[in-house]
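Notes follow the structure.
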Amino acid sequence: MALKQTNMRFRRIVSVLLAGWLGAAGGNGAAQEHNVPLVLTHRFAIEEPPSWGHVTVNLSQGQWRVGGPDGPVASAWQLKTALGNLVAIEVGGCCSAWVDGPTAYPCGFTLRGLELPGLDVDSEPASASPDAGSMLDGAGTGAFACTGQDSQTREGPMRQGAMRFISIRPWLHNPGDHARALGSALRFQFHGVANDLHPSRIDRASGVVILRAVKRARAS
């Protein structure tokens, strides 16, 4: 009799544990976490080369757009979410270069002195320009399209490439939660790379600051 009661009690314990395990497994399957990217952008004017532009961008509601320069205005919650889950900051603009046979006269930009309260960023100036092989194909190094004429021809083989977006992404030593910067300002210096032999075309209205964030979310 005692053995029978012990076996019944054991079976009940196993049943409870098994039900709990199955419930936990089902719960985990129904609410798995995944990454949700968020991209916010802000326009700024680029100084005429070789002058440096000292840019201040406010981190406040109504100043940023979602997904791209022509996207919807970002809410205060979206801006706080981006700052609180920050993975990268990019600064870029649109320019076109010259190619004369095998010789390239690239366009590009230089970024220095990027500052955000609480963020540790590489202090060394960083530059970016397209390689010679991609100058004329209309393909940019960034995600945003540029306006401007297609490739055109001058005397001889020299050609001017299409406008393309070129961005610089400095190294962030402490990405992550910088939501406390909400309401402050992002500051940096930016200019177009001067090309004395064959001056590049730079779209001065094309400057864009990009906040890239990744937030963990549960999907049912």
message: As a quick check of understanding, evaluate side chain to side chain contact (heavy atoms under 4.5 Å, CB included) for Ser167 and Val91, giving each step before the final call.
response: CA-CA 5 Å; Ser167 64; Val91 184; over 6 Å; no
message: To the closest 0.5 Å, what do you measure between CZ (Phe190) and CG (Leu111)?
response: 6.5 Å
query: More than 12 heavy atoms of other residues, nucleotides or ligands under 6.0 Å from CH2 of Trp52: is that the case?
result: yes
statement: Closest non-hydrogen atoms of Pro117 and Ala185, given as atom of the first, atom of the second and distance, are CD-O, 3.6 Å
query: Are Val121 and Leu40 connected in a single hydrophobic cluster, I mean Ile/Leu/Val/Met/Phe/Trp/Tyr linked by side-chain heavy atoms less than 4.5 Å apart?
result: yes
task: Apply side chain to side chain contact (heavy atoms under 4.5 Å, CB included) to the pair His191 and Glu47, showing each step before the final yes or no.
output: CA-CA 6 Å; His191 85 146; Glu47 289 292 329; 5.6 Å; no
field: Between SG on residue Cys94 and CZ on residue Phe109, distance to nearest 0.5 Å
entry: 7.0 Å
query: Closest heavy-atom contact between Ile46 and Gly93?
result: CD1-CA, 4.1 Å
- request: To the nearest 0.5 angstrom, please state how far the CZ atom of Arg201 sits from the SG atom of Cys107.
  value: 9.5 Å
Distance-only donor-acceptor hits, side chain of residues 54-83, under 3.5 Å, sequence neighbours excluded:
{"residue": "Trp64", "atom": "NE1", "partner": "Asn58", "partner atom": "O", "Å": "3.0"}
{"residue": "Arg65", "atom": "NH1", "partner": "Gly71", "partner atom": "O", "Å": "2.7"}
{"residue": "Ser75", "atom": "OG", "partner": "Gln78", "partner atom": "N", "Å": "3.1"}
{"residue": "Ser75", "atom": "OG", "partner": "Gln78", "partner atom": "OE1", "Å": "3.4"}
{"residue": "Gln78", "atom": "OE1", "partner": "Ser75", "partner atom": "N", "Å": "2.9"}
{"residue": "Thr81", "atom": "OG1", "partner": "Trp77", "partner atom": "O", "Å": "2.7"}

Steps toward side chain to side chain contact (heavy atoms under 4.5 Å, CB included) verdict (Ile89, Ile210): CA-CA 6 Å; Ile89 298 177; Ile210 308 167; over 6 Å; no
query: Got a sec, which residues hit salt bridge (charged side-chain N to carboxylate O under 4.0 Å, His left out) with Arg43, two or more places apart in sequence or on another chain?
result: none
- line: Taken to the nearest 0.5 Å, the spacing of Leu211 CG from Leu38 CG works out to 8.5 Å
- prompt: Is it true that Val39 and Val208 fall in one hydrophobic cluster, defined by side-chain heavy atoms closer than 4.5 Å?
  reply: yes
- prompt: Aromatic ring centroids of Phe44 and Phe188 under 6.0 Å?
  reply: yes
- prompt: Under a single-linkage definition using a 4.5 Å side-chain heavy-atom cutoff for Ile, Leu, Val, Met, Phe, Trp and Tyr, are Val214 and Leu86 assigned to the same hydrophobic cluster?
  reply: no
message: Would you compute the distance between atom CG of Leu186 and atom CD of Glu115 and round it to the nearest 0.5 angstrom?
response: 9.0 Å
- prompt: What is the distance from atom OG of Ser206 to atom CZ of Phe165, rounded to the nearest 0.5 Å?
  reply: 7.5 Å
- prompt: Can you name the side-chain hydrogen bond (donor to acceptor under 3.5 Å, both in side chains) partners of Arg112, sequence neighbours left out?
  reply: Gln189
- request: Would you confirm whether Asn85, through its side chain, and Pro37, through its main-chain N or O, come within 3.5 Å as a donor-acceptor pair?
  value: no
